[in-house]
**Student:** 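Take a look at the following structure, please.
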Amino acid sequence: MKPRSNGRAFADLCSPEVHDAVEAQTLVWPVGSIEQHGPHLPLSVDLVIAEAFAQQIARELAAFALPVQPVAARSLPQSGGGLAFPGTVFVRGGTLIDFLADTIRSLCALPVRRLLIVNGHFENEPFVFEALDQIACERAGHEPELIALSWWSLVDDGWLRARLPAFPGWHAEHGGLTETSLMLYLRPDLVTASRPCHDDPPRPGIYLHPADTASTTNNGVLSSTTGANAELGEELFWHVVGNAMALVTGGHGLLRPSPAERTRP
Ligand code: ZN
Ligand code: MN
């Protein structure tokens, strides 16, 4: 089953209709990165994947999706290959926090009930959380509810053990089995046939300068791509969508499900 894109597009609304359209609704904002993903995947991997998850979640919530944010946190050697590979575009951490906080502040000025940020780029996570925390500290009330999730954080341990026995840690799943499989499912037109494998994935929590990208990656790929296929990507996609829906509507947030969410099967 292909994900049906196009929930409701926030940016396609006209200004006079915005207030009524989004009142008590959820906004879903995908945040990604333009970043090298090896020789077989495009720079847009973190955009394609974040946007696909965000649009599907928005459709299931009857929510509005924003366009994906393409430029975000710096790629690091142990989790994205770093800046040794051409094509990666980023902004500095302080700039990113300010950008995210300003954008979230603008969105929270709307009469929405929930803002959900769907992250697709490993290095974005602490900056997204910090920006949300800034906004939360400024506010007196509880609405809108603020939720941010990185898609990989919704993958169950049991699923990982069964499907990826040699799982190297999410920091090293860069251009590897999961991203290659998701891209083969979502945008096979952007994936080439080469499958570089890196058999010695870097450990997290270590920073060496200068970075030795010849040992931490194989041509920008940090882990194994062996076994990547569209079927695995499809299974992973719907596993994450299901868990995201459970998280958002199942009481992990503070708000009760909306009537539209409650009527979902
Ligand atoms: Zn990626
Ligand atoms: Mn990334």
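Values in this document were obtained by computation on a predicted structure and should not be read as measured data. All ligand and atom numbering here is 1-based and tracks the order in the structure.
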**Student:** OG1/Thr249 to CD/Glu60 distance, rounded to the nearest 0.5 angstrom?
**Tutor:** 9.5 Å

**Student:** Name the residue from Pro168, Pro202, Cys197 that meets the side-chain contact (heavy atoms from CB on, under 4.5 Å) definition with Ser223.
**Tutor:**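 For Ser223, the side-chain contact (heavy atoms from CB on, under 4.5 Å) check succeeds only for Pro168.
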
**Student:** Given 3.5 Å as the limit, does a donor-acceptor pair link the side chain of Arg59 with the main chain of Ala63, or not?
**Tutor:**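 Between the backbone of Ala63 and the side chain of Arg59 there is no qualifying donor-acceptor contact (under 3.5 Å).
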
**Student:** Among side-chain atoms of His37 and Asp46, is any donor-acceptor pair under 3.5 angstrom?
**Tutor:** yes

**Student:** Would you please test Arg105 and Glu138 for salt bridge (Lys or Arg N to Asp or Glu O under 4.0 Å) and show each step?
**Tutor:** CA-CA 10 Å; Arg105 222 175 260 118; Glu138 291 170 7; 2.6 Å; yes

**Student:** Spell out the protein N/O/S atoms under 2.8 Å from the Zn ion (ligand 1) as residue plus atom name.
**Tutor:** His37 NE2, Asp46 OD1, Glu179 OE2

**Student:** Filter on side chain to side chain donor-acceptor pair (under 3.5 Å), then keep only pairs touching residues 79-99, sequence neighbours left out; what's left?
**Tutor:**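 Only Ser79-Glu123 qualify under side chain to side chain donor-acceptor pair (under 3.5 Å).
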
**Student:** Check whether Glu179 reaches the backbone of Ser181 with its side chain - one donor and one acceptor, N or O, closer than 3.5 Å.
**Tutor:** no

**Student:** Enumerate the protein N/O/S atoms at a distance below 2.8 Å from the Mn ion (ligand 2), ignoring waters.
**Tutor:** Glu35 OE1, Asp46 OD2, His121 ND1

**Student:** For the residue pair Phe10 and Phe64, categorise the inter-ring angle as parallel (less than 30°), tilted (30 to 60°) or perpendicular (more than 60°).
**Tutor:**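 Ring orientation of Phe10 relative to Phe64: perpendicular.
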
**Student:** With a 3.5 Å cut-off and sequence neighbours excluded, list the donor-acceptor pairs that the side chains of residues 147-157 form with protein atoms.
**Tutor:**
unit_1 : atom_1 : unit_2 : atom_2 : d
Ser150 : OG     : Asn119 : ND2    : 3.0
Ser150 : OG     : Glu125 : OE1    : 2.6
Asp156 : OD1    : Asn243 : ND2    : 3.1

